[in-house]
Structures are given as C-alpha cells and as structure tokens.
Amino acid sequence: IRRPPRSTQSRSSAASDVYKRQIFNLSARHRYLKSCLEKILARALKVWHQHARRGSFRPWWVEAEFSPKGGPLPPLELQTPSGLILSLEGRVDRIDGVEHRDKIYLRVIDYKSNPTDLDLVRIYHALSLQLPLYLAAAREGVRQLRGKEVEAAGILYLPIQTPLIKRKAPVTPQEAENLRKEVLRARGLFLHDLEVLRLMDRELEKGDLLPIRVKKDGTLHSRSPVVERDKMKKMLDWACSQARVLGEKILEGEVAPRPYRLGREKPCDTCPYGSVCGLDPLLPGVEWRALEPLTPEEVWERLLQEGGG
C-alpha cells in the first residue's frame with residue numbers, strides 16, 4: 001500500500017480540521033454546544049492541574065491498550081478452569097504511576113460524564129469487572145516491563161462535567177465554587193496507606209481532590225473509601241477469577257439470556273436489545289436470576305473467605 005504524498009496528507013488533515021471547526025458554527029445551537037464543551041473542558045483541566053500540582057503520580061499511559069498488536073502493555077492472560085488460556089485485551093482511559101521506596105504504585109482512571117462510585121456489590125456479582133481487570137492487567141504488565149514489585153494504589157473515577165448546584169437558598173460565589181469542587185472530586189477505591197495517599201495529594205486534609213477525610217490525630221475517617229492491601233489484592237483476584245468463569249462459559253457456547261434482578265434493578269427495563277434476545281418474562285419457565293443485595297462489609301467478608309486468583 002502506497003502512502004499519499006506528505007503534502008496531500010497535510011491538505012487532507014487541514015481540510016478535516018476546518019470541517020470540524022465549521023461543525024460548531026452551523027447554527028446557534030451548535031455554537032452554544034461548543035461553548036458548553038469549552039466550559040466543561042476548562043473546568044476539568046483546572047481540576048487535573050491541581051492533581052498534578054499536589055501529587056507525585058504522573059500519567060504513564062493515556063488511552064492505554066492491553067494488546068499484543070503494538071499496545072504499550074501486554075494482554076492479561078487468564079487460565080480457565082478447564083486449562084484454556086484467555087487473552088484479555090482492552091483500553092483504559094489513563095494509567096498513572098509513581099516509583100516510591102523501590103516499589104511501583106499504579107492507579108487506573110476512568111473519565112465519567114457523571115459522578116460515579118465503585119460498586120463492590122456489582123463487582124462481587126461479576127456485573128462490573130472492567131476497572132478491576134484493567135488494574136490487574138496494568139499491575140501484571142508493568143511488573144513484566146519494569147521487573148519491579150508493583151502494587152495497586154487505587155481505582156479512580158474523574159467526573160468531567162459542569163455541575164449544576166441545587167440549593168434551596170442562595171449561596172455566595174465562593175460557596176458555589178466549593179460545592180462544585182465537591183461534585184468534581186475523584187471517586188473510587190484507594191489503598192489504605194497514608195504515605196501513598198499523600199503521593200496522590202500532599203494537601204490531603206483539604207479533601208477537595210480525593211474523598212479522603214483525615215482526622216485531627218492524623219488517621220483516616222472510617223467513611224473514607226480505602227481498603228487494606230489484602231482486600232485490594234482479593235478484589236483484583238476475584239475479578240480475574242470471575243473473568244475466567246465467564247470466559248469458560250463463552251467458550252462452551254453458553255449464550256442463553258439470563259437476566260438478573262438486584263434489588264429493584266432489572267437491566268431489561270432499559271436494554272435496547274429486547275427484540276434480539278426475545279426474552280419474555282411472562283412466558284412459563286422464564287425466571288430472573290435473583291442476586292443477593294449485600295453491604296460492602298458483607299462483600300469484603302465473602303471475598304476474604306472465597307478468595308480468587
């Protein structure tokens with residue numbers, strides 16, 4: 001395959017850029033959407049700048065691929081119960097790392113248009129394994145590349161939005177800004193290690209970048225979303241073990257619809273593929289998989305008992 005001349009590539013790229021710019025000038029509505037996007041991006045960049053200024057973690061990869069086809073990290077290989085090897089590929093928004101005391105600490109970051117928390121119950125029931133698997137893949141891949149001990153420091157969700165502040169009474173501009181910072185604060189799950197947390201935010205006591213609350217005696221508040229090393233490892237091992245089981249079922253040809261019910265949550269209510277699946281709950285023999293609603297404490301207790309790996 002011959003590549004077009006560089007001048008042709010440049011003209012094509014320039015024409016594409018002009019077209020993209022013109023899209024936002026097609027109408028007043030498009031110009032308004034452009035101004036909204038600019039405000040969202042400006043606010044997000046301001047928050048990210050604070051993360052960089054106050055922390056030691058740095059982006060090691062952005063839009064990082066776990067792939068044998070030229071990605072920066074190798075795929076995560078998992079052995080199924082029957083002995084087959086699954087090669088897990090994917091792409092994560094961002095992987096941050098820092099080297100500290102002869103050890104590498106990693107955190108994976110997922111950008112969200114709405115504030116999102118890590119749901120341990122959904123991880124336990126294998127409904128939301130993506131980020132734990134990405135962190136496990138990053139940990140293993142960096143260990144292979146660097147030949148050093150690697151530890152998982154956290155899973156972060158970073159909101160990208162211009163939050164709408166709802167209050168019953170007027171607030172001052174400074175109060176409104178503080179409320180916006182609270183909404184745009186990172187969420188997720190963090191390693192319970194004060195030294196590592198301060199590598200993420202040297203001004204941890206402010207509580208405006210991470211949802212970590214430090215008490216006057218220097219310890220962490222019980223409501224801070226932190227876990228000990230053994231729990232972090234168990235969560236990643238559990239995600240890998242569930243991926244093995246799911247992969248085995250796929251290879252065995254198990255494709256029958258098996259909708260679940262978790263409390264009041266039923267994915268069929270919002271699923272756009274009902275006509276493809278053809279599942280009708282009114283037909284005889286069609287039953288929901290009733291998943292047990294658990295508290296975070298119950299999830300950790302079961303993970304420590306059942307293990308994984």
Side-chain angles (χ1 to χ4, degrees), residues 66 76-82 86 88-90 92-93 106-110 112 114-140 151-158 186-193 210-212 220 222-252 254-271 279 287-309:
F66 305 95
L76 179 64
E77 293 191 344
L78 303 172
Q79 186 173 6
T80 68
S82 64
L86 295 176
L88 183 66
E89 301 179 22
V92 62
D93 287 343
L106 296 178
R107 65 183 186 184
V108 294
I109 293 177
D110 192 27
K112 290 293 184 182
N114 290 301
T116 304
D117 286 309
L118 191 73
D119 193 331
L120 291 172
V121 178
R122 293 181 62 82
I123 291 175
Y124 177 76
H125 289 303
L127 302 176
S128 182
L129 300 176
Q130 183 182 24
L131 286 187
L133 287 174
Y134 283 167
L135 184 52
R139 181 185 61 179
E140 184 59 31
E151 191 161 358
I155 295 173
L156 280 70
Y157 293 105
L158 285 183
R187 304 185 181 202
L189 190 67
F190 304 82
L191 183 66
H192 192 166
D193 185 319
L210 303 179
I212 308 298
L220 300 182
S222 60
R223 297 186 64 181
S224 298
V226 295
V227 292
E228 304 294 341
R229 282 177 167 80
D230 60 335
K231 289 184 177 180
M232 182 71 79
K233 183 178 183 302
K234 284 293 184 182
M235 181 187 68
L236 301 186
D237 290 345
W238 177 260
C240 291
S241 69
Q242 295 305 295
R244 292 186 183 98
V245 173
L246 293 174
E248 183 88 289
K249 291 181 178 179
I250 293 173
L251 293 173
E252 290 175 351
E254 185 174 324
V255 295
R258 297 187 62 212
Y260 70 87
R261 184 198 299 270
L262 181 59
R264 295 183 178 181
E265 178 187 350
K266 293 188 299 181
C268 293
D269 293 341
T270 56
C271 177
L279 183 72
E287 296 181 353
W288 299 93
R289 278 190 301 137
L291 303 181
E292 186 179 1
L294 303 167
T295 64
E297 292 75 18
E298 290 172 331
V299 171
W300 288 123
E301 183 179 352
R302 294 194 180 191
L303 289 184
L304 293 174
Q305 290 176 351
E306 299 175 24

Between [X] and [Y], what is the shortest heavy-atom contact and its length?
X	Y	answer
Tyr157	Asp117	CE1-C, 3.9 Å
Pro225	Pro211	CD-O, 3.1 Å
Pro132	Leu236	O-CD2, 3.4 Å
Ala186	Leu210	CB-CD2, 4.1 Å
His125	Leu262	CD2-CD1, 4.2 Å
Leu129	Ala243	CD1-N, 4.2 Å

Check your understanding: Looking at Asp119, Leu294, Leu304, which hits side-chain contact (heavy atoms from CB on, under 4.5 Å) with Val299?
Key ->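 Of all the options given, the one that passes is Leu294.
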Working to the nearest 0.5 angstrom, can you tell me the gap between [X] [atom1] and [Y] [atom2]?
X	Y	atom1	atom2	answer
Leu191	Lys231	CG	NZ	12.5 Å
Leu246	Leu251	CG	CG	11.0 Å
Leu78	Gln242	CG	CD	11.5 Å
Ser82	Glu252	OG	CD	7.0 Å
Leu135	Leu156	CG	CG	10.0 Å
Arg261	Asp269	CZ	CG	8.5 Å

Practice item. Tell me, with the steps shown, if Arg302 and Glu292 meet salt bridge (Lys or Arg N to Asp or Glu O under 4.0 Å). Key: CA-CA 12 Å; Arg302 294 194 180 191; Glu292 186 179 1; 2.9 Å; yes
Check your understanding: Run the side chain to side chain contact (heavy atoms under 4.5 Å, CB included) check on Phe66 and Leu88 step by step: do they pass?
Key -> CA-CA 8 Å; Phe66 305 95; Leu88 183 66; over 6 Å; no
Practice item. Flag the pair Trp238 / Tyr124 as yes when their ring centroid distance falls below 6.0 Å, and as no otherwise. Key: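 Between Trp238 and Tyr124, the centre distance is under 6.0 Å.
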Side-chain ([X]) to main-chain ([Y]) donor-acceptor, under 3.5 angstrom:
X	Y	answer
Arg244	Gln79	yes
Glu298	Thr295	yes
Arg107	Ala153	no
Thr116	Asn114	yes

Point to revise | Partner set under side-chain hydrogen bond (donor to acceptor under 3.5 Å, both in side chains) for Asp193, not counting sequence neighbours | key: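 Partners of Asp193 under the side-chain hydrogen bond (donor to acceptor under 3.5 Å, both in side chains) test: Arg229.
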Review point. Can you list the steps and then say if Met235 with Trp300 is a side chain to side chain contact (heavy atoms under 4.5 Å, CB included)?
Key: CA-CA 8 Å; Met235 181 187 68; Trp300 288 123; 4.1 Å; yes
Practice item. Go through the steps for Leu76 and Cys240 under the test side chain to side chain contact (heavy atoms under 4.5 Å, CB included), then give the verdict. Key: CA-CA 9 Å; Leu76 179 64; Cys240 291; 4.2 Å; yes
Within the structure provided, determine whether [X] and [Y] are in side-chain contact (heavy-atom separation under 4.5 Å).
X	Y	result
Val227	Leu189	yes
Val92	Asp110	no
Lys234	Glu228	no

Review point. Is the shortest side-chain N to carboxylate O distance from Lys233 to Asp237 below 4.0 Å?
Key: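 A salt bridge is present here (some side-chain N lies under 4.0 Å from a carboxylate O).
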Exercise for review: Dump the intermediate steps for side chain to side chain contact (heavy atoms under 4.5 Å, CB included) on Leu118 and Ile123, then the final yes or no.
Suggested key: CA-CA 9 Å; Leu118 191 73; Ile123 291 175; 3.9 Å; yes
